[in-house]
There are 2 protein chains.
Amino acid sequence: MTTRRDAVHDTLRKSEGFRSAQDVYAEMRLHGAKIGLTTVYRALQALADGGKVDVLRTDDGESVYRACATDAHHHHLVCRRCGHTVEVAGPAVERWAEMVGSEHGFTEITHTVEVFGTCSSCSMPARIG
Amino acid sequence: MTTRRDAVHDTLRKSEGFRSAQDVYAEMRLHGAKIGLTTVYRALQALADGGKVDVLRTDDGESVYRACATDAHHHHLVCRRCGHTVEVAGPAVERWAEMVGSEHGFTEITHTVEVFGTCSSCSMPARIG
DNA sequence: CGCCAAAATGAAAATGATTGTCAAAATCCC
DNA sequence: GGGATTTTGACAATCATTTTCATTTTGGCG
Ligand SMILES: [Zn+2]
Ligand SMILES: [Zn+2]
Ligand SMILES: [Zn+2]
Ligand SMILES: [Zn+2]
């Protein structure tokens, strides 16, 4: 019953960076998978709900997903050029968020933290040929 | 020439939390303003580009805007119930993001950091009447 | 096996925020 | 005033995502 969902998960695992639902769908079809776009959306959502994949929003509002190495809470350092992503832990940030929240009387504190940059290979001088 | 833009900016200033373009548009019309939705979108974008207002994306992909007290870089502590927003500085986070980025060879580092929670008035026991 | 109820699937239509178009209106400049 | 330029906004177009709903698959169960 989770055949399709697993296939989606696998496709994600083989990817380096974050991929959109449309993207995953297109790739799966390319490789001959028989699956519908709706199912890809549903699988991705289920995986995200279950904490099996991470989600974030691109600047233009698209949801993108990634199968991360760890289930533990972590953040991402994403190359805005090629999408190459590094998973990073940030104990300092976790503490900071908690503190800032409680200082102002907020409870049930959550946070979103993403770091973007240009990775080393993308910032190398362009080489032709 | 900037009459409409200023009107949009003013509407935002009078709001406590983040408001969507549609939201701002509706409120302006309610108060009798003669303005089109397209113009509200354009004004909001221009204000955001000029750093006069802050933008963030809600969980359901809507862009929301806020006229903040300061032009300086800062982050937000947002009540997920009522939208009440507190502007917070996070020097520790700024440093952390820079460090994490350069540690991995990334350059031109930027970051998004938002903290969500339930504010004190929203977490008070419900009172009827 | 047969048989049925529940869950999964996907094609097609609906949704809804945002953007593009383009002609009319306001503003500027001389 | 008159023409160039910018701004505006009604309306159409986009496009990712969600809904619908009929069909298929799956999982017992006798
Ligand atoms: Zn890169
Ligand atoms: Zn964290
Ligand atoms: Zn609140
Ligand atoms: Zn910051």
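Just so it is clear, the structure is predicted and the values come from calculations on it, not from any experiment. Residue numbering restarts at 1 for every chain, and letters A, B, ... go by the order of the sequence lines.
- Within 4.0 Å (heavy atoms only), Ser20(A) reaches no atom of the nucleic acid at all.
- At whole-Å resolution of the value, OH in Tyr25(B) and C1' in dC11(D) are 12 Å apart.
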*Start with the C-alpha gap between Glu114(A) and Thr112(B), add the side-chain angles, then the distance that decides, and say whether side-chain hydrogen bond (donor to acceptor under 3.5 Å, both in side chains) holds.*
CA-CA 5 Å; Glu114(A) 303 295 341; Thr112(B) 65; over 6 Å; no
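- In this model, the phosphate group of dT19(C) is approached by a side-chain N or O of Gln45(B) to a distance below 4.0 Å at OP1 or OP2.
- A close approach under 4.0 Å does occur between a side-chain nitrogen or oxygen of Thr39(B) and OP1 or OP2 of dG9(D).
- On a pure distance criterion of 3.5 Å, a polar donor-acceptor pair joins the side chain of Arg42(A) and the base of dG10(C).
- Here the C1' atom of nucleotide dA11(C) and the CZ atom of Arg4(A) are 14 Å apart, to the nearest Å.
- In this structure, Leu44(A) atom CG and dA8(C) atom P are separated by 16 Å, rounded to whole Å.
- Val113(A) pairs with exactly one of Val100(B), Val113(B), Val93(B) by the side-chain contact (heavy atoms from CB on, under 4.5 Å) rule, that one being Val113(B).
- Taking the six-membered ring where tryptophan is involved, the planes of His111(B) and His75(B) are tilted, since the angle between them lies from 30° to 60°.
- The CD-P distance, from Gln22(B) to dA17(C), rounds to 5 Å in whole Å.
- Contact annotation: Thr38(B) does not reach the phosphate of dT19(C) (side-chain N/O to OP1 or OP2, under 4.0 Å).
- Rounded to a whole Å, the OH atom of Tyr41(B) is 15 Å from the C1' atom of dC11(D).
- Rounding to whole angstrom units, CZ of residue Arg57(B) and C1' of dG16(C) are separated by 13 Å.
- Here the side chain of Lys34(A) is nearest to one of dT17(D), dG9(D), dG10(C), namely dG10(C).
- Using modelled atom types and a 3.5 Å distance limit, the side chains of Gln45(B) and Tyr65(B) yield no donor-acceptor pair.
- Residue contacts shown for Glu62(A) are limited to sugar-phosphate atoms, with no base heavy atom under 4.0 Å away.
- Taking atom CG on Leu37(B) and atom P on dG16(C), their separation rounds to 14 Å, with Å as the unit.
- Rounded to an integer number of Å, the gap from CZ of Arg5(A) to P of dT9(C) is 8 Å.
- Glu87(B) approaches Ala69(B) most closely through the heavy-atom pair OE2-N, 3.1 Å.
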